[in-house]
Enquirer: 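Handing you this structure, nothing more for now.
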Amino acid sequence: MGLPVTVYRWDDVGAPQMSASPTPSEVIAVLKACLVNGYGTKAPLGWSIAFEDVATSKIAFRNSTTEGSGGFVQYWSENGTNNPNTQVHLRTGSAMSALDVFSHPSNLFNHYNLSSASEWVIVGTSISYCAIPRYDGHNLNYLSPSYNEVSYIIGDLDSNYINDITRFNIFANNTRTDITAANYSHSLAYQGVNACSSMYGVDGNTKQNSHVIDYGISVGLTNSNDTLELTGVIPVLIPVVVRTTSPALTDIDGIKCSLSNKNPFIRGTIAGLYNICFCGYGDEQWPTIKNWNGQDYMLLRGYFNSTWINITEWY
C-alpha cells in the first residue's frame, strides 16, 4: 500500500483564506495549515516546521522522517517584507542547519503570488505535495499562456534507489536555473522533456548533473475539447520520469550515468503524476476527475491538458 493523499482547497470549510492581493504571510499560513496544523475536519499532512522567522516571512518545513527522507523546503518573501503581491521564493535541501543554510541545495523557484492567484489547492502526502496557486476568475481546464497557474511538487522523488539521500527536491518544468518569476511553462501541466532542478548523488555525493522531467510522450495539442468518452480512447497512464539530460553524463567517479548507481541516468518517477497520450476537456469546468483502476485522478489545468495527478494514493 502507498501513502494516502489529501486534497486541500481554498473553498473547504475552515480553510485559510488569502486576500485579493496576497501577502507572503498568507501564503505561509496556507502551507502551515495544510502541512502542519490542519483545519476544519481535515488533518494535516504530517510535516513539521524546522525553522521560522515571522518578521521576515521566512519558514522551513520538513517532511516525515519515518516515511520519507526528512528533507527540507524553505519559503521566504523575496525582499523580506509582507507587502501585498510580494513574490515568495523557495529552495529545497536534503538537510538544513538554520534558515538559508542548506545541504544539497536545489535551484531557487518562485511560488506564483499575485492578485490573480488568491485561490489555492494543495494535494499531498506526508513526504511530498503538489502546490497549485490557482488562476482566479477562470474555471475551465484550458489556460492560455497569459493565465499563469504554476503547479509544482515538493518532496521525495519516487526513487529507483533504496536510501536515496538526495531525492528531496523541487519538481517543476524549465527550471535548470534559478526562477524568480514563474510562468505557464514552469507548471507541471506543461508537456514534453523539460529541464528541472539539478540533482546530487544517490549516496549524497556533491556531483550535480542536469536533469529533466520526461513525460514519455508529447501530444502537442492545445485548447482541445475532446473527451475520452466521446473519442473512445482508452487512457494509458505514463509515469512522469526524472532522468539526466544524457546517459553519457558521468558520475562522481567519472563513470557514465547509464552504468552508475551513484549518479544514475534514470533516477525515478514523480509520485502521483501521470501523462496520457490524449489532450482534452479544455472547455470543462474544473475539477475534472476520473476513476481508473479504482483510484481517482484529477486533470491539471494548463496550456496542455494531458497531465493528471492521482488524488487517492502516492508511492
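Everything numeric in this text was worked out from a predicted model, so none of it was measured. Side chains included, hydrogens not; waters and symmetry mates left out as well; all remaining heavy atoms used. Residue numbers start at 1 and run along the sequence shown.
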Enquirer: Which pair of non-hydrogen atoms, one from Ile217 and one from Cys277, has the smallest distance, and what is that distance?
Expert: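 Result for this residue pair: CD1-SG, 3.6 Å.
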Enquirer: Could you check if a side-chain atom of Met199 sits within less than 4.5 angstrom of a side-chain atom of Asn169, using non-hydrogen atoms only?
Expert: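 Yes, side chains in contact.
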Enquirer: Compare all side-chain heavy atoms of Ile127 with those of Leu45 and state whether any distance is below 4.5 angstrom.
Expert: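 They are not in contact (no side-chain heavy atoms under 4.5 Å apart), so the answer is no.
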Enquirer: Check whether Asp53 reaches the backbone of Lys58 with its side chain - one donor and one acceptor, N or O, closer than 3.5 Å.
Expert: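 No, because the side chain of Asp53 does not come within donor-acceptor range (under 3.5 Å) of the backbone of Lys58.
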Enquirer: Heavy-atom count around Asn291 CG within 6.0 Å, excluding the residue itself: above 12?
Expert: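 For Asn291, atom CG is crowded (more than 12 foreign heavy atoms under 6.0 Å).
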Enquirer: Kindly compute the distance separating CD1 (Ile234) from CH2 (Trp292), expressed to the nearest 0.5 Å.
Expert: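 Atom-to-atom, Ile234:CD1 and Trp292:CH2 are 12.0 Å apart.
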Enquirer: So that I can tick it off, tell me whether Asp251 and Lys207 are bridged by a salt bridge, with the cut-off set at under 4.0 angstrom between side-chain N and carboxylate O.
Expert: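 Result for this pair is no, no salt bridge flagged.
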Enquirer: Locate the shortest heavy-atom distance separating Ser126 from Glu67; write the atom from each residue and the value.
Expert: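 In terms of heavy atoms, the two residues are closest at OG-OE1, 2.6 Å.
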Enquirer: How about Ser57 and Ser77: does a side-chain donor come under 3.5 Å of a side-chain acceptor?
Expert: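 Ser77 and Ser57 do not have a side-chain donor-acceptor pair below 3.5 Å.
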Enquirer: Heavy atoms, side chains only, cut-off 4.5 Å: are Trp314 and Ile309 in contact?
Expert: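 A side-chain contact under 4.5 Å exists here.
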Enquirer: Between His111 and His89, is the side-chain contact (heavy atoms from CB on, under 4.5 Å) condition met? List the steps.
Expert: CA-CA 6 Å; His111 177 95; His89 295 333; over 6 Å; no
Enquirer: For the side chain of Arg62 and the backbone of Gly70, is there at least one donor-acceptor N/O pair under 3.5 Å apart?
Expert: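 Yes.
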Enquirer: Ile179, Ile170: one ILVMFWY side-chain cluster at the under-4.5 Å cut-off?
Expert: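 Same cluster.
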Enquirer: Within a strict 4.5 Å, meaning less than it, do heavy atoms of the Pro44 and Asn37 side chains meet?
Expert: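 Answer no - side chains too far apart.
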Enquirer: Quick one: pull up OG in Ser118 and CD in Gln17 and give me the separation to the nearest 0.5 Å.
Expert: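 One gets 8.5 Å once the value is rounded to the nearest 0.5 Å.
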Enquirer: Is a side-chain donor-acceptor pair under 3.5 Å present for Tyr315 with Ser128?
Expert: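 There is such a pair (donor and acceptor under 3.5 Å, judged by atom type) between the side chains of Ser128 and Tyr315.
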Enquirer: Using side-chain hydrogen bond (donor to acceptor under 3.5 Å, both in side chains), reason through Asp226 and Thr231 one step at a time and then give a plain yes or no.
Expert: CA-CA 7 Å; Asp226 290 338; Thr231 60; over 6 Å; no
Enquirer: List in chain and number order the residues that pass side chain to side chain donor-acceptor pair (under 3.5 Å) with Arg267, two or more places apart in sequence or in another chain; answer none if no residue qualifies.
Expert: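 Side chain to side chain donor-acceptor pair (under 3.5 Å) list for Arg267, sorted by chain: Asp164, Thr166.
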Enquirer: Checking Ser103 against Ser94: is there a side-chain donor and acceptor pair closer than 3.5 Å?
Expert: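 The answer is no; no qualifying pair exists.
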Enquirer: Heavy atoms only: give me the nearest Leu188-Tyr215 pair and the separation to one decimal.
Expert: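 Shortest heavy-atom separation between Leu188 and Tyr215 comes out as O-OH, 2.6 Å.
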Enquirer: Dump the intermediate steps for salt bridge (charged side-chain N to carboxylate O under 4.0 Å, His left out) on Asp296 and Lys290, then the final yes or no.
Expert: CA-CA 6 Å; Asp296 289 334; Lys290 303 295 178 184; over 6 Å; no
Enquirer: Are Val73 and Phe102 grouped together when hydrophobic residues (ILVMFWY) are joined by side-chain heavy atoms under 4.5 angstrom apart?
Expert: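 No, Val73 does not connect to Phe102 through the hydrophobic network.
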Enquirer: Checking side-chain contact (heavy atoms from CB on, under 4.5 Å) for the pair Thr92/Ile154: CA distance, chi angles, key distance, verdict?
Expert: CA-CA 8 Å; Thr92 65; Ile154 298 294; 4.1 Å; yes
Enquirer: Between the side chains of Ser218 and Gln191, is a donor N or O closer than 3.5 angstrom to an acceptor N or O?
Expert: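 Distance-only check passes for Ser218 and Gln191.
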Enquirer: Report whether Leu237 and Tyr281 are members of the same hydrophobic cluster (ILVMFWY, side-chain heavy atoms less than 4.5 Å apart, transitive linking).
Expert: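 Yes, Leu237 and Tyr281 fall within the same hydrophobic cluster.
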Enquirer: With no hydrogens and no angle check, is any side-chain donor or acceptor of Asn173 less than 3.5 Å from a backbone partner on Ser187?
Expert: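 Yes; at least one donor-acceptor contact below 3.5 Å.
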Enquirer: What is the distance from atom CG of Asp283 to atom OG of Ser224, rounded to the nearest 0.5 Å?
Expert: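 Asp283 CG to Ser224 OG: 8.5 Å, rounded to 0.5 Å.
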Enquirer: Do Asn141 and Thr288 have side-chain N/O donor and acceptor atoms under 3.5 Å apart?
Expert: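 Short answer, yes.
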Enquirer: Could you go through Leu300 and Ile132, starting from their C-alpha distance and side-chain angles, then the distance that decides it, and tell me whether this counts as side-chain contact (heavy atoms from CB on, under 4.5 Å)?
Expert: CA-CA 9 Å; Leu300 289 183; Ile132 308 174; 4.0 Å; yes
Enquirer: Should the pair Lys262-Asp253 be classified as a salt bridge under the 4.0 Å nitrogen-to-oxygen rule?
Expert: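 So Lys262 pairs with Asp253 through a salt bridge.
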Enquirer: Out of curiosity, Ile238 CD1 to Trp308 CH2, how far, rounded to the nearest 0.5 Å?
Expert: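 Here the interatomic distance stands at 13.5 Å.
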Enquirer: Hey, does Val36 have a side-chain heavy atom less than 4.5 Å from the side chain of Phe61?
Expert: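 In short, these two side chains touch, coming nearer than 4.5 Å.
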Enquirer: Tell me if the centroids of the rings in Tyr152 and Phe109 come within less than 6.0 Å of each other.
Expert: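 Yes - the distance between ring centres of Tyr152 and Phe109 falls below the 6.0 Å cut-off.
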Enquirer: I want to check something: taking the side chain as every heavy atom from C-beta on, are Ile59 and Ile49 in contact at a cut-off of under 4.5 Å?
Expert: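 Side-chain contact under 4.5 Å: yes.
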Enquirer: Considering all heavy atoms of both residues, which atom of Ala15 and which atom of Trp10 are nearest to each other, and what is their separation?
Expert: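 Minimum heavy-atom separation between Ala15 and Trp10: CB-O, 3.7 Å.
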Enquirer: Under a 3.5 Å threshold, yes or no: a donor from one side chain and an acceptor from the other, between Glu26 and Ser19?
Expert: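 Ser19 and Glu26 do have a side-chain donor-acceptor pair below 3.5 Å.
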Enquirer: Can you find a side-chain donor-acceptor pair between Asp136 and Ser116 that sits under 3.5 Å?
Expert: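 Note: Asp136 and Ser116 side chains miss the donor-acceptor criterion.
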Enquirer: Of all heavy-atom pairs between His186 and Ala172, which one has the smallest distance, and what is that distance?
Expert: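 The pair with the smallest heavy-atom distance is O-CB, 3.5 Å.
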Enquirer: Between Tyr147 and Tyr184, does the ring centre distance come in under 6.0 Å?
Expert: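 No: the rings miss the under 6.0 Å criterion.
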Enquirer: Going by atom types only, do Asn205 and Asn263 share a side-chain donor-acceptor pair under 3.5 Å?
Expert: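 Asn263 and Asn205 do have a side-chain donor-acceptor pair below 3.5 Å.
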Enquirer: With the 4.5 Å side-chain cut-off for hydrophobic clustering, are Leu3 and Ile270 part of the same group?
Expert: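 Result: yes, single cluster for both.
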Enquirer: Are Trp47 and Cys34 close enough, and set up right, to give a side-chain contact (heavy atoms from CB on, under 4.5 Å), and what steps lead you there?
Expert: CA-CA 9 Å; Trp47 292 52; Cys34 299; over 6 Å; no
Enquirer: Determine, using ring centers only, whether Trp120 and Tyr8 are less than 6.0 Å apart.
Expert: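 No.
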Enquirer: Do Met298 and Trp286 have side chains that get closer than 4.5 Å, going by heavy atoms?
Expert: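 Yes - at least one pair of side-chain heavy atoms lies under 4.5 Å apart.
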Enquirer: Taking atom types as modelled and ignoring hydrogens, do the side chains of Thr175 and Asn107 form a donor-acceptor contact shorter than 3.5 angstrom?
Expert: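 No pair is found: no donor N or O on one side chain lies under 3.5 Å from an acceptor on the other.
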Enquirer: Enter the distance from Asn83:CG to Glu78:CD here, rounded to the nearest 0.5 Å.
Expert: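 One gets 10.0 Å once the value is rounded to the nearest 0.5 Å.
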Enquirer: Give, for atom CD1 of Ile252 and atom CD of Gln208, the distance between the pair rounded to the nearest 0.5 Å.
Expert: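 Between Ile252 CD1 and Gln208 CD, I get 11.0 Å after rounding to 0.5 Å.
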Enquirer: Side-chain donor-acceptor pair under 3.5 Å between Thr244 and Asn209, yes or no?
Expert: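 Checked: Thr244/Asn209 side chains show no N/O donor-acceptor pair below 3.5 Å.
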Enquirer: Any heavy-atom pair between the side chains of Asn63 and Ser69 that's under 4.5 Å?
Expert: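 With C-beta onward as the side chain, the pair touches.
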Enquirer: Over 60° means perpendicular and under 30° means parallel, so tell me whether Tyr190 and Phe304 are parallel, tilted or perpendicular.
Expert: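 If you compare the ring of Tyr190 with that of Phe304, the planes turn out perpendicular.
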Enquirer: Would one find more than 12 heavy atoms of other residues, nucleotides or ligands at under 6.0 Å from atom CG of Asp11?
Expert: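 Counting neighbours around CG of Asp11, more than 12 heavy atoms of other residues, nucleotides or ligands fall under 6.0 Å, so yes.
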Enquirer: May I ask you to decide whether Glu52 forms a salt bridge with Lys32, counting only side-chain N to carboxylate O separations under 4.0 Å?
Expert: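 A salt bridge is present here (some side-chain N lies under 4.0 Å from a carboxylate O).
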Enquirer: State which residue, out of Asn110, Val27, Asn79, fulfils the side chain to side chain contact (heavy atoms under 4.5 Å, CB included) condition with Gln87.
Expert: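 With Gln87 as partner, Asn110, Val27, Asn79 yield a single side chain to side chain contact (heavy atoms under 4.5 Å, CB included), made by Asn110.
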Enquirer: Do you know the tightest heavy-atom contact between Ser151 and Cys130?
Expert: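 Taking every non-hydrogen atom into account, CB-SG, 4.2 Å.
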Enquirer: Determine whether Leu90 and Leu99 fall in the same hydrophobic cluster, where Ile, Leu, Val, Met, Phe, Trp and Tyr are linked whenever their side-chain heavy atoms lie under 4.5 Å apart.
Expert: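 In one cluster: no.
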Enquirer: Is it the case that the side chain of Gln74 and the backbone of Asp100 share a donor-acceptor pair, with hydrogens and angles ignored and the cut-off at 3.5 Å?
Expert: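 Side chain of Gln74 to backbone of Asp100, a donor-acceptor pair under 3.5 Å: yes, one is there.
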Enquirer: Are side-chain N/O atoms of Asn139 and Arg134 paired as donor and acceptor at under 3.5 Å?
Expert: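 Yes, Arg134 and Asn139 have a side-chain donor paired with an acceptor closer than 3.5 Å.
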